[in-house]
Amino acid sequence: MAESTSLLFNPRTYDPAHFDPETRRLLRATVDWFEARGKRRLIQDYRSRVWLADFLEFAAKEELFATFLTPASAAAGDVDRRWDTARIAALNEIFGFYGLDYWYAWQVTVLGLGPVWQSDNADARERAAGLLAQGEVFAFGLSERTHGADIYSTDMLLEPDADVPGGFRATGSKYYIGNGNAAGLVSVFGRRTDVEGPDGYVFFAADSRHPAYHLRKNVVDSSKFVSEFHLEDYPVAPADVLHTGRAAFDAALNTVNVGKFNLCTASIGICEHAMYEAVTHATNRILYGRPVTAFPHVRRELTDAYVRLVGMKLFSDRAVDYFRSAGPDDRRYLLFNPMTKMKVTTEGEKVIDLMWDVIAAKGFEKDTYFAQAAVEIRGLPKLEGTVHVNLALILKFLRNHLLDPVDHPPVPTRLDAADDAFLFRQGPARGLGSVRFHDWRTAFDAYAEVPNVACFREQADALCAFVETSAPDEEQSRDLDLLLAVGQLFALVVHGQLILEQARLTGLDEELLDELFAVLVRDFSAHAVELHGKDSATEAQQEWALGAVRRPVVDTARSTRIWERVEALAGAYEMAP
């Protein structure tokens, strides 16, 4: 049992010994707090939609958010306070495991802090650090009801304040703003009425408790408070201004770059908890006189779910290293970040769907975690930009990544207790076409003897040939539907690459890797067939698509052994009542 469960988060055995003592203590304390509440209370709070006051009280008492979300530059010498993507990812996974409502309050605090930590406004930074130390949460006031996150079109207007030199009066509304009911500081994006174009953008700090801040409603039926609020003649002092001009625009996009990454590990946590429930139920369920798990299709679906989840973890863990090692001359994280948001979260949906096909009606029962997991897993692909938005972003890197590699120093595993300072000095949010990558083939070469890795490599090489000989022309490049199909194929290659890199670093056994890549081969074939059917696909593209279809290498003995690992998850974890 230990071999199969060691790859998944299990509160019974969790000991993050690879972190420093204070990080280890806080992660374990968080797990213990949830476990002490028990499953009944967890589900009850989710269904009654109560605000998370007791959770935030715990976080404040432990200084959890302050420790994890205060960069070293604002930590006043406290060596435990830093912005460390590795431990942030670990906490995301724990929050996802117990409920997305808890993760969401944390996530929008991350977003709200982004413009502050990128700002040169020392007063605002000191104020934010103080609020964190007091246990306050934060909010990110970007989206609007009419425009969504289209920051070119903001209707939050700032009139120069004649009575306060350098100050403004802000009027306008924001929509989809998490923690907008309680945030000690809301980072709000708007534009000046006296300056045209990008020079007129402003990011400023507001307080949800100010009389000119009017909370309208929670726009969702949930414990998550996703607010609509309105500012009416809100006084913005010079000390409240975080960014002006193009820097405000860059701060918005760079903040999303930081916060977007959190979605992948939250998705992993949801899937892990749901998997324990699903496998345990299926193993104990008798149907037609046989355990449900005796049926071949059930074994295949649960095995697919398991190896997909392992792939999600491997990819996300490796992406952490690129985030933490990033700098002005290495911005590969700008590809791997939307990959975690788009690919890992949609894999999470597949994992839940595969398990739900097995447990069927059980997945609706009100006393299961699975019932909320099946709902919550849908949200993550739709936050911080839709799947389509992130796929379109990923496509900007396709040619450089596949066809034009350069030498980069190897990126090591990054679990060290270091501050990821570059994330708050990313610079202008442009120039994606100039980002260069190391050779993706190296990761595949290391596993050339693994049958399904070799099979997938053939498909990846075929995609390179497609880009060189049959890539969409200028007219087709306006057909986003066609381009997104190509993007799915490219995303699979990047997904496979980082999985293999992490497998090498962690010594993952090759049988599990082989079973995982059998799934990826099927996925690539399915997306190739989808491309074949697109209205605007040329004859050459159609021919290529069918030629890229491969059958995975079948090994019944291997699949049986992987199934035995999945079966061992039954009873490995059950949340205390």
Got a donor-acceptor contact below 3.5 angstrom from the Asn10 side chain to the Ala572 backbone?
yes

Does atom NZ of Lys350 have more than 12 heavy-atom neighbours from other groups under 6.0 Å away?
yes

What pairs meet the salt bridge (charged side-chain N to carboxylate O under 4.0 Å, His left out) rule with one or both residues in residues 86-103, with sequence neighbours excluded?
Glu93-Lys313, Asp101-Lys224

Above 12 or not: heavy atoms from other molecules or residues under 6.0 Å from CD of Glu543?
no

So do the side chains of Val344 and Met339 get within less than 4.5 Å of each other, counting heavy atoms only?
no

Kindly compute the distance separating CD1 (Ile377) from CZ (Phe370), expressed to the nearest 0.5 Å.
9.5 Å

Measure up the Tyr276 and Phe97 rings against each other and bin them: parallel (under 30°), tilted (30 to 60°), perpendicular (over 60°).
perpendicular

Please check: side-chain N/O of Glu272 versus main-chain N/O of Phe9, any donor-acceptor pairing under 3.5 Å?
yes

Among residues two or more places apart or on two chains, list those pairs meeting salt bridge (charged side-chain N to carboxylate O under 4.0 Å, His left out) that have a residue in residues 398-407.
Asp404-Arg436

Report yes if the side chains of Glu376 and Ser267 come closer than 4.5 Å at any heavy-atom pair, otherwise no.
no

Donor-acceptor pairs under 3.5 Å, side chain of residues 548-559 to any protein atom, not counting sequence neighbours: which ones?
residue: Arg550; atom: NE; partner: Glu458; partner atom: OE1; Å: 2.8
residue: Arg550; atom: NH1; partner: Gly547; partner atom: O; Å: 2.7
residue: Asp555; atom: OD1; partner: Ala557; partner atom: N; Å: 3.2
residue: Asp555; atom: OD1; partner: Arg558; partner atom: N; Å: 3.0
residue: Arg558; atom: NE; partner: Glu515; partner atom: OE1; Å: 2.7
residue: Arg558; atom: NH1; partner: Asp514; partner atom: OD2; Å: 2.8
residue: Arg558; atom: NH1; partner: Val553; partner atom: O; Å: 3.4
residue: Arg558; atom: NH2; partner: Glu515; partner atom: OE1; Å: 3.2
residue: Arg558; atom: NH2; partner: Val553; partner atom: O; Å: 3.4
residue: Ser559; atom: OG; partner: Glu515; partner atom: OE1; Å: 3.1
residue: Ser559; atom: OG; partner: Glu515; partner atom: OE2; Å: 3.2
residue: Ser559; atom: OG; partner: Asp555; partner atom: O; Å: 3.3

Could you give me the CA-CA distance, side-chain angles and deciding distance for Tyr98 and Thr30, then say whether side chain to side chain contact (heavy atoms under 4.5 Å, CB included) is met?
CA-CA 10 Å; Tyr98 290 107; Thr30 303; over 6 Å; no

Donor-acceptor check, side chain of Asp439 to backbone of Val406, threshold 3.5 angstrom: yes or no?
no

Cation over ring, Arg565 on Tyr306, under 6.0 Å and within 45°?
no

Under 3.5 Å donor-acceptor pairs involving side-chain atoms of residues 387-394, not counting sequence neighbours:
residue: Asn390; atom: OD1; partner: Lys260; partner atom: NZ; Å: 2.9
residue: Asn390; atom: ND2; partner: Gly385; partner atom: O; Å: 3.2
residue: Asn390; atom: ND2; partner: Thr386; partner atom: O; Å: 3.0

Heavy atoms, side chains only, cut-off 4.5 Å: are Leu111 and Glu384 in contact?
yes

Salt bridge check, Glu277 against Lys39: does any charged N sit closer than 4.0 Å to a carboxylate O?
yes

Look at Arg81 together with Asp419 and state whether they make a salt bridge at an N to O cut-off of under 4.0 Å.
no

Heavy atoms only: give me the nearest Asn257-Asn337 pair and the separation to one decimal.
O-ND2, 2.6 Å

Between Ser525 (side chain) and Val521 (backbone), is there a donor-acceptor pair under 3.5 Å?
yes

Is it the case that Trp106 and Asn92 place a side-chain donor and acceptor less than 3.5 Å from each other?
yes

N/O donor-acceptor pair under 3.5 Å between Arg299 side chain and Thr293 backbone:
yes

Looking at CG of Leu314 and OG1 of Thr506, how far apart are the two atoms once the value is rounded to the nearest 0.5 Å?
6.0 Å

N/O donor-acceptor pair under 3.5 Å between Trp544 side chain and Thr469 backbone
no

Could you label the plane-to-plane angle of the Phe58 and Trp33 rings as parallel, tilted or perpendicular, counting under 30° as parallel and over 60° as perpendicular?
parallel

State which residues pass side-chain hydrogen bond (donor to acceptor under 3.5 Å, both in side chains) with Ser325; sequence neighbours excluded, sorted by chain then number.
Arg414

Hey, does Phe437 have a side-chain heavy atom less than 4.5 Å from the side chain of Val435?
yes

Using a 4.5 Å cut-off on heavy atoms from C-beta on, say whether the side chain of Ile43 contacts that of Arg40.
no

Which pairs would a plain distance check flag for residues 487-503, meaning a side-chain donor or acceptor within less than 3.5 Å of a matching protein atom at least two apart in sequence or in another chain?
residue: Gln497; atom: OE1; partner: His401; partner atom: NE2; Å: 2.8
residue: Gln497; atom: NE2; partner: His438; partner atom: NE2; Å: 3.1
residue: Gln497; atom: NE2; partner: Glu501; partner atom: OE2; Å: 3.1
residue: Glu501; atom: OE1; partner: Arg318; partner atom: NE; Å: 2.8
residue: Glu501; atom: OE1; partner: Arg318; partner atom: NH2; Å: 3.3
residue: Glu501; atom: OE1; partner: Tyr322; partner atom: OH; Å: 2.7
residue: Glu501; atom: OE2; partner: Tyr322; partner atom: OH; Å: 3.4
residue: Glu501; atom: OE2; partner: His438; partner atom: NE2; Å: 2.8

When rounded to the nearest 0.5 Å, the distance separating CG of Asp321 from CG of Leu415 is 7.0 Å

Could you tell me if Gln107 and Tyr102 have a donor-acceptor pair between their side chains, going purely by distance under 3.5 Å?
no

Charged tip of Arg290 within 45° of Phe295 ring normal and under 6.0 Å
yes

Answer yes or no: is there a donor N or O on one side and an acceptor on the other, between the side chain of Thr70 and the main chain of Thr67, under 3.5 Å?
no

Basic-acidic side-chain contact under 4.0 Å: Arg25, Asp20
no

Quick one: do the Asp420 and Thr85 side chains pair a donor with an acceptor below 3.5 Å?
yes

Compare all side-chain heavy atoms of Phe466 with those of Gln541 and state whether any distance is below 4.5 angstrom.
yes

Hey, are Arg324 and Asp416 close enough for a salt bridge, meaning a charged N less than 4.0 Å from a carboxylate O?
yes

In the structure I gave you, are the side-chain heavy atoms of His273 and Tyr573 within less than 4.5 Å of one another anywhere?
yes

So do the side chains of Asp45 and Phe55 get within less than 4.5 Å of each other, counting heavy atoms only?
no

Is it true that Asp304 and Arg308 have a side-chain N and a carboxylate O under 4.0 angstrom from each other?
no

Can we say Arg378 and Asp353 salt-bridge, meaning some charged N sits less than 4.0 Å from an Asp/Glu carboxylate O?
yes

Can you tell me how far CZ of Arg504 sits from CG of Leu513, rounded to the nearest 0.5 angstrom?
9.5 Å

